[in-house]
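Single-structure report; data block below.
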Number of protein chains: 2
Amino acid sequence: MFSDREAPLYEIKANLFKGLAHPARVRILEILADSPGQSCPVSTLLEGTGLEASHLSQHLATLRRHGVVTSVRTANSVTYSLAHPKIAELLAIARTFLLDTLADARQQLEAASALPGFGTATTHDGAA
Amino acid sequence: MFSDREAPLYEIKANLFKGLAHPARVRILEILADSPGQSCPVSTLLEGTGLEASHLSQHLATLRRHGVVTSVRTANSVTYSLAHPKIAELLAIARTFLLDTLADARQQLEAASALPGFGTATTHDGAA
DNA sequence: TGATGAATTGATGAATTCATCATATCTTCA
DNA sequence: TGAAGATATGATGAATTCATCAATTCATCA
């Protein structure tokens with residue numbers, strides 16, 4: 001098992017996505033991305049996410065381990081920042097993709113319900 | 001439990017990243033992204049990834065469920081395509097971010113080993 | 001029709017990740 | 001010094017995800 005460096009890039013990439021693969025962590029990154037300087041203290045994240053402190057801290061640790069955020073202690077508070085502007089870009093692109101996709105899905109739903117034999121039309125993709 | 005639509009965007013986003021969070025799936029997407037028309041038959045993916053057929057198929061099913069790829073059956077083979085150009089963009093940005101980050105890490109390692117008391121300098125970030 | 005190739009689905013134990021709770025560290029201030 | 005606030009770390013059972021193997025579907029062609 002290699003811990004980055006030495007591993008093929010697609011493994012490292014997968015690992016990065018794994019780091020982003022949790023609602024709480026995405027939320028944290030969104031808050032950071034929207035904050036001035038893409039950084040803010042833990043207390044703000046605490047409010048913004050509504051998580052319990054230790055839970056938040058664990059997600060922050062995960063994000064740190066994945067190199068997605070950095071932290072600096074100032075007096076008795078810790079400030080987190082996005083480690084790289086590309087992270088914000090990643091989130092923005094995911095957003096565009098999802099909005100496009102969701103719009104399409106809604107449209108297909110409407111089109112489907114306008115069809116004659118409506119009621120149990122399956123699209124081979126499940127999700128009744 | 002909501003299955004997209006109705007869920008806050010950050011949950012849907014996290015879900016998308018979860019779909020990308022596996023080396024095999026990233027590899028599959030990379031191959032598709034580099035193929036003409038961002039699509040290719042399963043047989044090509046089979047070769048490209050070196051996975052066992054059923055294993056590959058399961059990952060493809062996951063990607064389909066996440067709306068990241070689409071599939072079309074043509075005669076006795078199935079062709080997969082990226083569902084949206086933004087997916088390729090997502091991978092490209094991840095790549096840039098990682099290359100930047102890895103370069104920095106290497107640089108820090110070199111800088112560290114040039115220091116006087118080398119051997120056990122901890123950066124509070126772990127990774128001895 | 002039925003054998004063959006291509007791809008998918010199902011089932012199961014092993015490995016990871018998650019949420020929760022208790023405890024520990026670090027800093028300030030009385 | 002030591003009490004209090006702000007964060008972080010550890011440990012544990014519950015829930016997910018993964019890898020592997022067997023079985024199934026779909027289309028072609030003899």
Side-chain angles (χ1 to χ4, degrees), chain A residues 1-3 10-11 14-28 31-32 39-66 68-81 122-127, chain B residues 1-3 10-11 14-28 31-32 39-66 68-81 122-127:
Chain A
M1 177 188 278
F2 8 50
S3 102
Y10 62 83
E11 289 219 16
N15 212 43
L16 166 63
F17 290 130
K18 215 177 285 182
L20 307 179
H22 191 288
R25 295 198 289 272
V26 169
R27 190 77 194 92
I28 291 169
I31 294 175
L32 288 175
S39 62
C40 74
V42 172
S43 55
T44 301
L45 295 172
L46 214 43
E47 270 192 71
T49 61
L51 292 175
E52 187 215 346
S54 88
H55 201 183
L56 171 62
S57 225
Q58 293 202 111
H59 284 301
L60 289 173
T62 300
L63 291 171
R64 254 185 289 132
R65 255 188 296 113
H66 285 271
V68 169
V69 303
T70 59
S71 65
V72 173
R73 166 153 237 140
T74 316
N76 67 347
S77 96
V78 177
T79 296
Y80 278 82
S81 315
T122 54
T123 57
H124 117 291
D125 238 323
Chain B
M1 177 188 277
F2 9 50
S3 103
Y10 61 84
E11 290 220 14
N15 211 43
L16 165 63
F17 289 130
K18 213 176 286 180
L20 307 180
H22 190 289
R25 295 198 290 272
V26 170
R27 191 76 194 90
I28 291 169
I31 294 175
L32 287 175
S39 62
C40 74
V42 172
S43 55
T44 301
L45 296 172
L46 214 43
E47 269 192 71
T49 62
L51 291 175
E52 187 214 346
S54 88
H55 201 183
L56 170 62
S57 225
Q58 292 202 111
H59 285 300
L60 288 173
T62 300
L63 291 172
R64 253 185 288 131
R65 253 190 296 113
H66 285 271
V68 169
V69 303
T70 59
S71 65
V72 173
R73 166 153 236 138
T74 316
N76 66 347
S77 98
V78 176
T79 296
Y80 277 82
S81 316
T122 55
T123 57
H124 119 290
D125 238 322

Could you state the atom-to-atom distance from [atom1] of [X] to [atom2] of [N] in whole Å?
X     : N      : atom1 : atom2 : answer
B:K18 : D:dA15 : NZ    : C1'   : 11 Å
B:R65 : D:dT16 : CZ    : P     : 13 Å
A:L20 : C:dC18 : CG    : P     : 12 Å
A:N15 : D:dT17 : CG    : P     : 17 Å

Query raised in the report: For the atom pair CZ (A:R27) and CG (A:L32), what is the distance rounded to the nearest 0.5 Å?
Result: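 Here the rounded value is 10.5 Å.
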
Query raised in the report: Roughly how far, to the nearest 0.5 Å, is OH of B:Y80 from CZ of B:R64?
Result: 3.5 Å

Requested in this report: Would you confirm whether A:H66, through its side chain, and A:L20, through its main-chain N or O, come within 3.5 Å as a donor-acceptor pair?
Outcome: no

Query raised in the report: Ignoring hydrogens and geometry, is there a side-chain-to-backbone donor-acceptor pair from A:H22 to B:A14 under 3.5 Å?
Result: no

Would one find a side-chain N or O of [X] under 4.0 angstrom from OP1 or OP2 of [N]?
X     : N      : answer
A:Y80 : D:dA6  : no
A:R25 : C:dC18 : yes
A:R64 : D:dT9  : yes

Query raised in the report: Minimum heavy-atom separation for A:T79 to A:S39, with atom names?
Result: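 Nearest heavy atoms, A:T79 then A:S39: CG2-CB, 4.1 Å.
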
Query raised in the report: Which atom names give the shortest non-hydrogen contact between A:P23 and B:E11, and what distance separates them?
Result: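 Here A:P23 and B:E11 meet closest at CB-CG, 4.1 Å.
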
Query raised in the report: Is B:V42 close to B:S77 at the side-chain level, that is, under 4.5 Å between some pair of heavy atoms?
Result: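 Heavy-atom side-chain distance check fails, nothing below 4.5 Å.
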
Query raised in the report: Do A:V72 and A:V78 have side-chain heavy atoms sitting under 4.5 Å apart?
Result: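 They are not in contact (no side-chain heavy atoms under 4.5 Å apart), so the answer is no.
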
Requested in this report: Please work out which residues in residues 54-63 of chain A have a non-hydrogen atom less than 4.0 Å from an atom of DNA chain C and list them by number.
Outcome: A:S54, A:H55, A:Q58, A:H59

Requested in this report: Tell me which residues in residues 42-52 of chain A put a heavy atom below 4.0 Å from DNA chain C, sorted by number, or none.
Outcome: none

**Report entry** Sequence-distant partners of A:T62, side chain to side chain donor-acceptor pair (under 3.5 Å), two or more places apart
**Finding:**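 A:T62 satisfies side chain to side chain donor-acceptor pair (under 3.5 Å) with A:R65 once adjacent residues are dropped.
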
Report summary line: From the candidates D:dC18, C:dA7, D:dA8, the one with an atom nearest any side-chain atom of B:H22 is D:dC18

Query - Of the listed nucleotides C:dA6, C:dT28, D:dT7, the one nearest the side chain of A:N76 - result: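 Taking heavy atoms from C-beta onward, the closest nucleotide is C:dT28.
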
**Report entry** Of all pairs that satisfy side chain to side chain donor-acceptor pair (under 3.5 Å), the ones with a partner from residues 44-56 of chain A, not counting sequence neighbours
**Finding:** A:H55-A:H59

Query - Partner set under side-chain contact (heavy atoms from CB on, under 4.5 Å) for B:T70, not counting sequence neighbours - result: B:S81, B:A83

**Report entry** Base-pair map of DNA chain D as dot-bracket, where | denotes pairing with a different strand and pairs are Watson-Crick or G-U under 3.5 Å
**Finding:** ||||||||||||||||||||||||||||||

Report task. May I ask you to say what B:A53 touches in the nucleic acid, namely base, sugar-phosphate or nothing, with a heavy-atom cut-off under 4.0 Å? Result -> base

